[in-house]
Amino acid sequence: MQLKDLLLGLGLVSSAWAQLADTSDYPIGPLTTSDEKWAVKVCDITDYGAVADGETDASTAIVDAFNACSSGGVVNIPLGTFALENWVTLSGGTAWAINLEGIIVRTGTAGGNMIYIEHSTDFEIYSSRGEGAVQGYGYVFHEQGEYGPRILRLYDVTNFAIHDIALVDSPAFHLTLDTCNQGEVYNMIIRGGNEGGLDGIDLWGFDLHVHDVEVTNKDECVTVKSPANHILVEDIYCNWSGGCAMGSLGVDTDISKVVYQNIYTVNSNQMFMFKSNGGNGTVTEVTLQNFIGHENAYSLYIDAYWTDETLAAGDGVLYNSITFNNWTGTCENGATRPPLYVLCPSTQPCTNIIIEDFAMWTESGSTEYYKCADAWGSGYCLHAGSEHTEYGTTTSTLTTAPSGYSAPTMPGQLTAGLGLTASIPIPTVPNTFFPGATPATARVYGS
Ligand SMILES: *[C@@H]1O[C@H](CO)[C@@H](O)[C@H](O)[C@H]1NC(C)=O
Ligand SMILES: *[C@@H]1O[C@H](CO)[C@@H](O)[C@H](O)[C@H]1NC(C)=O
Ligand SMILES: *[C@@H]1O[C@H](CO)[C@@H](O)[C@H](O)[C@H]1NC(C)=O
């Protein structure tokens with residue numbers, strides 16, 4: 001589907017629409033449909049030696065099927081369970097797709113990326129029945145206190161889509177989009193173990209649209225890294241995760257024109273966090289709107305002194321023209337961790353930060369506070385004006401709940417994190433990712 005029709009159909013606000021590049025010059029997603037690719041050629045991995053027995057290594061069959069279809073066609077991974085003992089690099093395809101009907105299970109133990117796709121154009125990976133998955137069996141590493149390979153990484157891929165699949169229990173990161181352009185990720189579920197280092201989706205590049213995704217882990221939900229511009233992330237359910245973020249940011253940060261909207265976050269470290277420690281460059285023209293949170297440690301959070309990151313050279317990343325709008329719900333304990341926390345570099349104060357309609361209340365106790373340091377703009381504890389000077393810290397305390405804070409919950413919230421010592425079952429891709437919202441693009445099968 002054309003992204004423009006999709007956005008017009010949704011009646012999305014123009015500020016969000018403007019974040020993606022003009023579709024007539026920069027179409028998003030595959031340039032040819034999967035039906036067209038099926039009509040060109042089908043390379044079924046079982047014709048290249050793969051056996052759906054959960055034991056025979058399918059890596060050579062996948063590479064051979066790719067080589068036969070890489071200039072147009074579909075690499076078909078049919079129903080059944082296929083083992084991956086060696087990792088696959090699929091380099092240079094055009095007008096091709098992977099139909100992941102069955103399940104790929106990790107049996108090898110090397111590091112790196114189980115599936116690495118690079119220098120491709122007009123690419124799609126999806127499951128036409130919506131039941132395809134990659135099972136990483138990460139718990140085998142995690143119960144030893146170790147990490148293993150990442151599941152799926154795209155590098156230098158243009159005009160692509162990833163949809164209607166599940167990525168489960170990665171031994172490390174689940175999905176990384178490294179320097180990718182004009183791509184779409186949607187109708188996906190990611191379910192990892194309950195510890196750091198198991199990122200959901202990390203992305204950087206140009207003109208990327210991520211929507212209708214659920215992530216469980218305890219690290220990045222959907223996170224933008226530098227450099228990136230023209231990014232739209234919407235209808236995301238961080239279901240016991242680390243939460244969405246931007247960072248970590250360091251030297252030569254270059255991020256602009258990013259919108260996150262309709263983000264539901266439960267039991268995570270934060271609803272949204274900008275994280276840097278020193279560094280330089282700029283984050284600008286970012287809008288974060290319609291956020292709902294419950295049971296999160298932090299909510300709205302800029303931390304320019306994030307000590308989990310090694311101090312980078314520079315006066316600090318400049319956070320400029322960042323708008324937060326329409327945040328509701330509750331936080332764990334607003335008296336110990338402020339739900340509104342804007343900590344800017346004293347040597348590089350934030351400018352033009354705008355916070356509007358922020359109404360969050362604490363789940364424990366009856367007070368909460370807001371904290372701003374060296375942050376200029378408008379709203380709440382920010383210093384009003386367009387100066388760019390150090391002023392120290394301002395706090396304000398609330399002793400009554402702000403009006404309108406109450407926000408709906410999603411069905412089926414987790415009551416505990418997922419195991420590090422037992423296998424995580426493959427879930428089905430859900431049909432809603434934000435209270436009251438249905439996916440923008442219909443599920444491919446059975447919806
Ligand atoms: C950031 O600092 C490095 C040196 O530490 C410098 O080479 C670079 O030009 C700076 N970048 C920006 C955007 O100021
Ligand atoms: C604020 O966000 C909620 C969802 O949390 C949405 O239903 C509502 O329409 C938004 N309000 C405005 C004014 O956009
Ligand atoms: C959230 O994750 C839990 C655990 O995997 C699952 O049981 C629940 O169904 C999820 N919620 C939704 C709405 O998908």
Side-chain angles (χ1 to χ4, degrees), residues 7 10-19 204 211-212 214 221 225-229 232-239 243-244 246-256 259-266 268 270-272 274 276-285 287-296 299-300 304 309-321 323-331 339-340 344-345 347-351 354-361 379 388 401-411 413 432-440:
L7 290 176
L10 282 177
L12 278 186
V13 293
S14 55
S15 70
W17 167 236
Q19 300 309 308
W204 59 103
H211 60 97
D212 301 296
E214 177 177 335
C221 183
K225 293 175 176 290
S226 178
N229 66 83
L232 175 57
V233 179
E234 56 186 343
D235 293 289
I236 304 295
Y237 180 17
C238 307
N239 178 12
C244 292
M246 213 173 271
S248 330
L249 305 173
V251 170
D252 283 330
T253 294
D254 183 10
I255 296 180
S256 63
V259 171
Y260 275 70
Q261 59 190 2
N262 302 352
I263 310 296
Y264 184 89
T265 310
V266 63
S268 297
Q270 77 271 343
M271 290 169 67
F272 199 93
F274 293 84
S276 56
N277 189 14
N280 62 4
T282 306
V283 175
T284 189
E285 291 182 70
T287 300
L288 304 160
Q289 60 193 4
N290 307 348
F291 275 57
I292 295 175
H294 295 290
E295 299 167 50
N296 303 297
S299 300
L300 184 166
E309 183 186 352
T310 311
L311 180 67
D315 284 345
V317 171
L318 175 61
Y319 295 102
N320 171 40
S321 297
T323 299
F324 301 87
N325 182 28
N326 190 19
W327 287 46
T328 55
T330 53
C331 62
L340 190 165
C344 300
T347 47
Q348 187 67 279
C350 299
T351 58
I354 297 169
I355 305 179
E356 299 168 321
D357 295 329
F358 181 89
M360 308 260 335
W361 186 235
H388 183 53
S403 69
Y405 80 88
S406 160
T409 54
M410 286 286 278
Q413 289 184 177
T432 180
F433 301 85
F434 189 77
T438 46

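Numbering of ligands and ligand atoms starts at 1, following listing order.
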Within 4.0 Å of some non-hydrogen atom of Ile292, the atoms of ligand 2 are 5 (O)
Checklist entry - Does Asp212 use its side chain to pair, donor to acceptor, with the backbone of Ala440 at less than 3.5 Å? => result yes
### Message
Main chain of Val266, side chain of Ser268: is a donor-acceptor contact present, judged purely on distance under 3.5 Å?
### Response
yes
Item checked: Any donor-acceptor N/O pair, Thr351 side chain to Asn320 backbone, under 3.5 Å -> no
Quiz item: Got a donor-acceptor contact below 3.5 angstrom from the Asn280 side chain to the Asp252 backbone?
Solution: yes
Say whether, by atom type as modelled, one donor and one acceptor occur between the side chain of Thr432 and the main chain of Phe434 under 3.5 angstrom.
-> yes
List below, pair by pair, the N or O atoms of ligand 1 and of the protein that are less than 3.5 Å apart, including the distance to 0.1 Å; reply 'none' if no pair qualifies.
{"residue": "ligand 1", "atom": "2 (O)", "partner": "Asn280", "partner atom": "ND2", "Å": "2.3"}
{"residue": "ligand 1", "atom": "11 (N)", "partner": "Asp252", "partner atom": "OD1", "Å": "2.6"}
{"residue": "ligand 1", "atom": "11 (N)", "partner": "Asn280", "partner atom": "ND2", "Å": "3.0"}
{"residue": "ligand 1", "atom": "14 (O)", "partner": "Asn280", "partner atom": "ND2", "Å": "3.3"}

For Cys244, is there any backbone N or O sitting under 3.5 Å from a side-chain donor or acceptor partner on Gln270? yes
Do Asn326 and ligand 2 have an N or O pair less than 3.5 Å apart?
yes
| query | How are the rings of Trp327 and Phe291 set to each other: parallel, tilted or perpendicular (split at 30° and 60°)? | reply | parallel
